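Okay, structure first, notes after.
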Amino acid sequence: MRFLLDTHLLLWAASNPEQLPAQARAEIENSDNDLIFSAASLWEVAIKTGLGRSDFAVDPRLLRRGLVDNGYHELAITGEHAIGLLVLPPIHKDPFDRILISQAVAEEIVLMTVDEKIARYPAPVRCF
């Protein structure tokens with residue numbers, strides 16, 4: 001199965017795997033699954049690290065390198081993803097989460113998250 005991980009799951013998987021919910025960790029560790037991260041997550045980390053957010057205190061260059069080195073695939077943000085935002089209901093205001101949802105819909109990838117708001121979208125989402 002193809003999984004797009006939201007930013008928090010990516011950060012936990014990269015630096016604190018014990019924080020991952022057990023089922024999410026099992027999916028991430030399953031070698032049959034294709035793990036994907038979005039450029040939007042790196043963008044979010046870069047912005048929030050720059051703002052001094054302690055929960056995002058990671059160098060996005062090192063995060064990206066570690067993800068790629070561990071077999072994750074990077075998903076760029078396309079015009080189709082941006083346009084997809086037009087049809088999303090206003091459930092969640094976070095622009096990073098909204099683009100991840102749009103990417104999951106456009107690419108037919110299951111978005112893994114711990115955010116219950118994201119799970120309310122009519123999209124391929126698995127909430128842990």
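Here the structure is a predicted model, which means the values were calculated and not measured. Throughout, residue positions are numbered sequentially from 1 according to the sequence presented.
- Salt bridge E29/R25: present, at least one basic N to carboxylate O contact under 4.0 Å.
- Side-chain N or O atoms of D34 include none that pairs as donor or acceptor with a backbone N or O of M1 at under 3.5 Å.
- Tracing side-chain contacts under 4.5 Å through hydrophobic residues (I, L, V, M, F, W, Y), one never reaches I36 starting from L10; they form parts of separate clusters.
- No continuous path of ILVMFWY side-chain contacts below 4.5 Å connects F96 to I83, so the two sit in separate hydrophobic clusters.
- Annotation for L75 and I109: closest pair CD2-CD1, 4.2 Å, computed over non-hydrogen atoms.
- W43 is not connected to L11 by any chain of hydrophobic side-chain contacts under 4.5 Å among Ile, Leu, Val, Met, Phe, Trp and Tyr, and they are in different clusters.
- In terms of heavy atoms, V125 sits closest to V110 at C-CG1, 4.2 Å.
- Side chains of P89 and P122 form a contact here, defined as non-hydrogen atoms less than 4.5 Å apart.
- Without hydrogens or angle criteria, Y121 side chain to I101 main chain gives no donor-acceptor distance under 3.5 Å.
- In this structure, T113 contributes its side chain and I118 its backbone to no donor-acceptor pair below 3.5 Å.
- The nearest pair of heavy atoms linking A76 to A39 is CA-CB, 4.4 Å.
- Note: E80 CD to S102 OG = 7.5 Å, rounded to the nearest 0.5 Å.
- Hydrophobic clustering, with ILVMFWY side chains joined whenever heavy atoms are under 4.5 angstrom apart, keeps L62 apart from L42.
- Taking 4.5 Å as the limit, some side-chain heavy atom of F3 sits within range of a side-chain heavy atom of R126.
- A salt bridge does not link R2 with E108: none of the charged nitrogens is closer than 4.0 Å to a carboxylate oxygen.
- To the nearest 0.5 Å, the span separating CD on E44 from CG on D97 amounts to 6.5 Å.
- Salt-bridge formation is detected for the pair R65/D69: a Lys NZ or Arg NE/NH1/NH2 atom is positioned less than 4.0 Å from an Asp or Glu carboxylate oxygen.
- Between V45 and L63 the shortest heavy-atom distance is CG2-CD2, 4.1 Å.
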Would I28 and Y72 count as a side-chain contact (heavy atoms from CB on, under 4.5 Å) here? Give the steps.
CA-CA 10 Å; I28 290 168; Y72 287 70; 3.5 Å; yes

message = Checking T7 against K48 for the side-chain contact (heavy atoms from CB on, under 4.5 Å) test, could you report, in this order, the C-alpha distance in whole Å, the side-chain angles of both residues, the deciding distance, and whether it holds?
response = CA-CA 11 Å; T7 307; K48 293 181 178 176; over 6 Å; no

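- By the neighbour-count criterion of 12 heavy atoms within 6.0 Å, atom CZ of R61 is sparsely surrounded, having that number or fewer from other residues, nucleotides or ligands.
- Remark: the backbone N or O of Q19 is not paired with any side-chain donor or acceptor of N16 at under 3.5 angstrom.
- D6 and L9 make their closest contact through OD1-N, 2.9 Å (heavy atoms, listed as atom of the first residue, atom of the second, distance).
- You'll find the side chain of V105 stays beyond 4.5 Å of the side chain of V87, heavy atoms only.
- Not one N or O on the side chain of Q103 forms a donor-acceptor pair closer than 3.5 Å with the backbone of T78.
- Nearest heavy-atom pair across L4 and S38 is CD1-N, 3.8 Å.
- Atom SG of C127 and atom CZ of R120 lie 11.5 Å apart (nearest 0.5 Å).
- In the hydrophobic clustering of ILVMFWY residues, with side-chain heavy atoms under 4.5 Å counting as a link, M112 and I91 come out apart.
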| query | Which is it for H8 and D115 under the side chain to side chain donor-acceptor pair (under 3.5 Å) test, yes or no, and what are the steps along the way? | reply | CA-CA 9 Å; H8 278 97; D115 187 332; over 6 Å; no

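- At least one side-chain heavy atom of V114 sits under 4.5 Å from a side-chain heavy atom of W12.
- Judged purely by atom type and a 3.5 angstrom limit, T49 uses its side chain to pair as donor or acceptor with the backbone of F56.
- Taking CZ from R98 and NE2 from H92, the interatomic distance works out to 9.5 Å, rounded to the nearest 0.5 Å.
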